[in-house]
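Single-structure report; data block below.
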Amino acid sequence: MYDLQIFLSNFCWSNHYSFPGPQPACETDQKSLNRMTKYIFVTGGVTSSLGKGIVSASLAKLLQARGFKVTIQKFDPYINVDPGTLNPYEHGECYVTEDGAETDLDLGHYERFLNSFTTQANNVTTGRIYQSVINKEREGAYLGKTVQVIPHITDEIKRRMQLLAASGYDIIITEIGGTVGDIESLPFIEAVRQLQWELPEEDCLVVHLTLVPYLKAAKELKTKPTQHSVKMMSENGVHPDIIVCRTEQPLSKEIKAKIALFCNVKIDAVIEAADAKSIYEVPLLMQQEQLDIICLKKLNITWYPEPDLTLWKGFLDKLYNPTSTVTIGLIGKYIELQDAYKSILEAFIHSGAMNECKVEVLDVHSEFITADNVNEKLQGLDGLLVAPGFGHRGIDGKILAVKYARENDLPFFGICLGMQMSVIEFARNQLGLPKAHSTEMDPATPDPVIDLMEGQKAITNKGGTMRLGAYPCIIEKDTLAYQIYGSELISERHRHRWEFNNKYLDAMQAAGLKASGLNPETNLVEIVEIPGHPFFIGVQYHPELKSTVENPHPIFVHFVKAAKAFAAKKEVKDPGSLQGDMI
Ligand code: GLN
């Protein structure tokens with residue numbers, strides 16, 4: 001499906017556009033790769049939540065669609081070494097890469113847009129920078145010198161900003177987290193200034209994303225916050241080459257001219273970023289504004305093919321023209337937070353489009369599900385997803401929801417903690433172990449059907465110590481999982497400490513809960529399912545992390561398909577039952 005990857009992996013800089021100076025060979029050493037790579041920095045001004053991640057991912061998509069090998073990295077100014085120890089109230093979802101890095105959720109957008117993997121090197125925090133500098137200081141690597149923000153911290157930032165050049169990228173986009181003017185962003189802005197000074201002028205550019213607010217009372221768009229934000233950057237020695245303006249109203253030529261004049265950029269470098277119906281439309285909006293072409297010009301890249309966005313546009317067409325609707329209940333405890341289940345929600349968008357179906361996700365707070373109201377809360381759904389999570393809060397509601405799905409033939413999909421809850425529910429209600437539990441929530445349970453992994457028992461440090469990243473899994477034939485994946489060997493990403501307790505494996509299987517996927521080395525149960533149920537699957541890993549626009553995840557695709565079938569059956573039995581009984 002995705003030929004572009006093959007094209008990109010064979011991509012040779014010198015074949016595709018002119019490059020000033022001597023042409024480097026395709027198989028080059030690190031030095032020439034560094035010289036070849038161009039850098040785009042994306043900063044944000046005025047306020048947070050303007051969508052730097054989406055703008056960066058959209059620009060990257062356009063450049064990728066023109067044949068360039070692009071990656072995006074995020075530099076976050078906070079002091080946590082990574083966001084793995086932050087709770088979702090602080091930081092939304094923690095996104096996990098193939099190589100097991102716990103990262104910012106923007107990396108999810110990068111992967112979903114580019115359909116390519118990111119790594120540990122794609123997300124760097126102030127904490128990680130300081131950690132390496134302090135470790136080096138302890139090793140005596142600074143030879144008696146005083147270790148300072150400039151040059152030692154900024155040198156480490158610059159080193160990491162250029163690290164991925166060794167992987168042969170033509171263009172590296174670096175999103176700087178936070179807002180210009182924050183104290184903690186300063187070393188990053190200073191590192192950008194130094195890099196701009198050190199590298200050839202045409203190898204670096206800065207895109208600044210700002211807000212142009214519309215004042216209803218005055219019926220006017222206001223450019224002053226943008227002017228101030230650009231001024232503040234200039235005081236720090238960095239001048240943006242391109243200004244991307246988030247706006248709820250179209251920017252007139254006059255407004256663009258005003259921003260251009262006061263911010264000292266050309267008028268074509270003032271880009272309108274209007275609110276979009278879907279984040280996946282932003283690459284096309286940016287293309288209309290010629291953001292990619294302006295970047296290429298500034299980077300002195302004069303030859304580039306037309307972008308191939310066929311797959312992307314095909315996806316948008318399906319997204320905007322669904323032929324049916326299903327309602328999926330998302331059972332979680334962070335449902336009031338938009339970002340806590342980001343990748344799951346995006347995976348539903350991808351898989352819905354694939355099924356030409358609009359997926360309405362109904363958030364159901366697990367803490368408020370009780371034995372008395374479970375039927376009332378869940379009836380009317382076409383599928384039920386029990387979300388990942390940690391700790392005791394909301395557990396009972398999740399178990400009740402699993403029971404409801406199992407007993408009512410409602411398509412069920414459990415992810416990580418959701419899978420563990422399905423095992424507990426089955427043990428309690430089908431195996432006759434009423435006190436079965438996970439030792440995470442009840443360390444004294446007589447039936448620890450979910451138990452701490454052996455390798456986790458001696459671990460005391462919380463950061464980066466879970467079972468993280470990609471692990472292989474062998475799928476048994478003649479199972480739902482095999483039907484979904486069409487393959488015996490798969491690889492999926494993990495983030496957990498507890499696991500299915502294999503002491504109960506035989507009894508569970510005899511009672512009808514099938515372990516259809518196992519880790520080949522450790523025999524850890526990765527997938528459970530109930531044969532005979534129309535669609536009941538729980539996975540210990542996080543498939544949502546690998547769903548992209550151009551490659552929707554097969555479990556989500558099949559789950560939505562099963563929900564469609566459930567809805568159609570319901571419609572035949574009871575026309576009109578979908579309406580009116582939502583929570
Ligand atoms: N709390 C569970 C564990 O650590 C599940 C984690 C998750 O859902 N990511 O095993």
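Count residues from 1 along the sequence. One-based numbering, in listed order, for ligands and for the atoms of each.
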task = Could you find the nearest protein heavy atom to atom 2 (C) of ligand 1 and give me its residue, atom name and distance?
result = Glu440 OE1, 3.3 Å
remark   = heavy-atom search around atom 7 (C) of ligand 1 in the protein gives Cys416 SG, 3.0 Å
ask   = For the residue pair Phe315 and His350, does the interplanar ring angle fall in the parallel (under 30°), tilted (30 to 60°) or perpendicular (over 60°) class?
value = perpendicular
ask   = What is the closest protein heavy atom to atom 10 (O) of ligand 1, and at what distance does it sit?
value = Trp498 N, 2.8 Å
inquiry  = Parallel, tilted or perpendicular: which one describes the rings of Phe348 and Phe559, with boundaries at 30° and 60°?
reply    = tilted
N or O contact, Gln540 vs ligand 1, cut-off under 3.5 Å = no
task = Please work out whether any backbone atom (N, CA, C, O) or any side-chain heavy atom from C-beta onward of Met466 is under 4.0 Å from ligand 1, and answer side chain, backbone, both or neither.
result = neither
remark   = For atom 5 (C) of ligand 1, the closest protein heavy atom turns out to be Gly389 O, 3.3 Å
task = Examine ligand 1 and decide if any of its atoms is less than 4.0 Å from a heavy atom belonging to His542.
result = yes
task = Cation-pi check, Arg467 to Tyr471: give yes when NZ or CZ is under 6.0 Å from the six-membered ring centre and within 45° of the ring axis, no otherwise.
result = yes
request  = Provide, to 0.1 Å, the distance between atom 3 (C) of ligand 1 and the closest protein heavy atom, together with that atom's residue and name.
outcome  = Arg497 N, 3.5 Å
request  = Give the C-alpha distance, both sets of side-chain angles, the deciding distance and a yes or no for side-chain contact (heavy atoms from CB on, under 4.5 Å) between His494 and Leu468.
outcome  = CA-CA 5 Å; His494 294 250; Leu468 291 167; over 6 Å; no
query = Looking at atom 9 (N) of ligand 1, what's its closest protein heavy atom, distance included?
reply = Arg495 O, 2.9 Å
query = Excluding sequence neighbours, so at least two apart, what forms side chain to side chain contact (heavy atoms under 4.5 Å, CB included) with Leu480?
reply = Gln483, Ile484, Glu529, Phe535, Ile537
key: Counterpart residues, side chain to side chain contact (heavy atoms under 4.5 Å, CB included), relative to Phe368 (two or more places apart)   = His365, Lys377
ask   = Taking the six-membered ring for Trp, are Phe413 and Phe556 parallel (under 30°), tilted (30 to 60°) or perpendicular (over 60°)?
value = perpendicular
